[in-house]
Amino acid sequence: MVGFKPSDVPPPLGVKMASAGLAACIGDLVTFPLDTAKVRLQIQGEKSVEAAKNIRYRGVFGTLSTMIKTEGPRSLYNGLVAGLQRQVCFASIRIGLYDNVKDFYTGGKDNANILIRILAGCTTGAMAVSFAQPTDVVKVRFQAQMNLDGVARRYNGTMQAYKHIFQNEGMRGLWKGTLPNITRNALVNCTELVTYDLIKEALLNHKLMSDTLPCHFVSAFGAGFVTTVIASPVDVVKTRYMNSPPGQYRSAINCSWTMLTKEGPTAFYKGFVPSFLRLGSWNVVMFVSFEQIKRAMMVTKKNLEHTN
């Protein structure tokens with residue numbers, strides 16, 4: 001894969017997984033407020049709490065500004081702990097395992113075609129969601145939770161949220177929205193990784209850019225835009241369904257139908273701009289961090305081997 005091309009010896013699987021998880025956490029720390037704004041825009045239209053009825057979010061920066069004014073700056077990082085837990089579990093699998101799964105499908109041959117790349121991306125994306133879904137449920141619910149007088153807080157801490165969801169909704173509550181999330185993240189993973197590959201290959205093959213930071217930036221931001229266009233409808237349904245109290249929607253499909261009939265087709269693209277800004281900037285931070293962390297870990301590993 002172009003994005004993860006090793007310099008000399010292919011890094012061990014553990015190095016790739018650890019590098020991917022750490023790089024994704026760095027990406028989350030930088031872009032988390034945009035993700036929170038996206039969630040608030042996506043759920044807008046379904047809240048009926050009296051104290052929150054008059055709050056309206058308008059655009060990315062309008063949402064961020066409104067949240068700071070009404071709830072304080074810390075609200076932008078609601079759910080960060082669960083978000084970092086999610087990335088440690090999620091990115092290490094979906095990104096760290098991508099090359100190995102791709103090699104498995106090709107039998108170790110180089111130059112995998114686009115279908116193999118898509119299949120590998122879908123596979124690792126689905127695997128990651130199946131494992132990390134509870135962290136995503138808690139993250140979304142914290143991001144949707146308003147810190148306002150007169151609005152009861154659903155959860156007061158990350159571990160309390162896991163416990164509360166399990167006690168009141170069972171294991172199904174912790175894995176709520178798994179199907180739309182698998183669909184969304186399989187789409188995101190294969191689109192993100194494959195599009196990054198293809199854009200970067202085109203830039204390098206046509207000698208429009210060299211393999212440096214500007215090339216990585218353009219490739220990652222382009223991948224973020226394409227991914228947002230394709231995955232946004234599923235992402236909105238996933239957010240709505242995971243955040244909903246028991247009984248509000250019978251299923252993810254029912255959630256989709258309710259959105260379509262009550263709010264129209266444009267509801268599926270609520271929060272598109274923050275989604276794009278977040279994915280684009282997250283991709284840039286993550287891909288650059290991933291490469292640097294992976295190289296640093298390989299250098300450290302070699303130095304330790306030489307000293308021993």
Answer whether the closest heavy-atom distance between the side chains of Val273 and Phe61 falls below 4.5 Å. no
Checking Asn254 side chain against Tyr249 main chain: does a donor-acceptor pair fall under 3.5 Å? no
Smallest heavy-atom separation, Leu204 atom then Ser210 atom, equals CD2-C, 3.7 Å
Between Ala220 and Phe287, the two heavy atoms sitting closest are CB-CD1, 4.0 Å
Heavy-atom distance under 4.5 Å between the side chains of Ile93 and Phe131, does that happen here? yes
Decide yes or no for Asp99 and Leu13: does some side-chain heavy atom of the first lie under 4.5 Å from some side-chain heavy atom of the second? no
Distance col, row Glu71:CD vs Leu76:CG, nearest 0.5 angstrom, shows 8.5 Å
Met159-Val88 co-clustered via ILVMFWY side chain contacts under 4.5 Å: no
About how many Å separate SG of Cys89 and CD of Gln133, when rounded to the nearest 0.5 Å? 12.0 Å
Group every Ile, Leu, Val, Met, Phe, Trp and Tyr by side-chain heavy-atom contacts under 4.5 Å, then state whether Val236 and Leu260 land in the same group. yes
Check: Gln143/Thr36 side-chain N/O donor and acceptor closer than 3.5 Å: yes
Just so I know, are the side chains of Ser75 and Ile68 near enough to count as touching, which here means a heavy-atom distance under 4.5 Å? no
Under 3.5 Å, is there a donor-acceptor pair linking the side chains of Ser244 and Lys176? yes
Taking atom CD of Gln160 and atom OG1 of Thr158, what is their separation to the nearest 0.5 Å? 9.5 Å
Ile182 vs Ser130, side-chain contact (heavy atoms from CB on, under 4.5 Å): CA-CA, chis, key distance, verdict: CA-CA 7 Å; Ile182 285 178; Ser130 299; 3.8 Å; yes
Measuring only between side-chain heavy atoms, which start at C-beta, is Gln87 closer than 4.5 Å to Ser92? no
Can you tell me how far the OG1 atom of Thr124 sits from the CZ atom of Phe90, to the nearest 0.5 Å? 8.5 Å
Are Glu192 and Arg117 ion-paired here, with the side-chain N under 4.0 Å from a carboxylate O? no
Would Val138 and Ile165 count as a side-chain contact (heavy atoms from CB on, under 4.5 Å) if you check the C-alpha gap in whole Å, the side-chain angles of each, and the deciding distance to 0.1 Å? CA-CA 9 Å; Val138 172; Ile165 294 171; 4.0 Å; yes
Quick check against the 3.5 Å criterion: does Ser289 have a side-chain atom that pairs as donor or acceptor with the backbone of Met286? no
Side-chain donor or acceptor of Gln145 paired with backbone N/O of Arg141 under 3.5 Å: no
I'd like to know if the side chain of Thr123 pairs up with that of Tyr105 as donor and acceptor (distance under 3.5 Å, no hydrogens or angles considered). yes
Quick one, Phe268 and Val237 - any side-chain contact, counting heavy atoms below 4.5 Å? yes
Should the pair Tyr155 and His164 be assigned to parallel (<30°), tilted (30 to 60°) or perpendicular (>60°) ring geometry? perpendicular
With sequence neighbours left out, what residues match Lys38 under salt bridge (charged side-chain N to carboxylate O under 4.0 Å, His left out)? Asp35, Asp235
Where do Ser219 and Leu203 come nearest, in terms of heavy atoms and distance? OG-CD1, 3.8 Å
Assess whether side-chain contact (heavy atoms from CB on, under 4.5 Å) is satisfied between Phe142 and Tyr77, documenting all intermediate values. CA-CA 9 Å; Phe142 262 104; Tyr77 283 90; over 6 Å; no
Could you tell me which non-hydrogen atom of Trp282 sits nearest to which non-hydrogen atom of Thr31, and how far apart they are? CD1-OG1, 3.4 Å
Checking the side chain of Thr178 only, and the main-chain atoms of Trp175 only, is there a donor and an acceptor separated by less than 3.5 Å? yes
Below 4.5 Å, heavy atoms only, C-beta onward: do Val60 and Leu34 meet side chain to side chain? yes
Between Met171 and Val137, is there a shared hydrophobic cluster once you connect ILVMFWY residues whose side-chain heavy atoms come closer than 4.5 Å? yes
Within this structure, what is the SG-CD distance for the pair Cys25 and Gln85, rounded to the nearest 0.5 Å? 10.0 Å
Does the separation of the ring centres of Tyr162 and Phe166 fall below 6.0 angstrom? no
Closest non-hydrogen atom pair, Leu64 against Ala37: CD2-CB, 3.8 Å
Considering non-hydrogen atoms only, spot the tightest contact between Ala91 and Ala20 and give its length. O-CB, 3.6 Å
Side chain to side chain donor-acceptor pair (under 3.5 Å) between Lys16 and Asn100, worked out: CA-CA 10 Å; Lys16 287 191 288 187; Asn100 295 73; 2.8 Å; yes
More than 12 heavy atoms of other residues, nucleotides or ligands under 6.0 Å from CZ of Phe221: is that the case? yes
Treating Ile, Leu, Val, Met, Phe, Trp and Tyr as nodes and any side-chain heavy-atom pair under 4.5 angstrom as an edge, say whether Val285 and Ile293 lie in one connected cluster. yes
Can Val30 and Ser281 be said to form a side-chain contact (heavy atoms from CB on, under 4.5 Å), step by step? CA-CA 8 Å; Val30 174; Ser281 54; 5.9 Å; no
Determine, using the 4.5 Å side-chain heavy-atom cutoff (strictly less than), whether Ile116 and Met127 are members of one ILVMFWY cluster. yes
Is it true that atom CG of Leu29 has more than 12 heavy atoms of other residues, nucleotides or ligands lying nearer than 6.0 Å? yes
Phe272 vs Tyr269 aromatic rings, parallel, tilted or perpendicular, using cut-offs 30° and 60°? tilted
From Arg240 atom CZ to Lys270 atom NZ, the distance as rounded to the nearest 0.5 Å: 5.0 Å
May I ask you to test the Lys139-Asp136 pair for a side-chain heavy-atom distance under 4.5 Å? yes
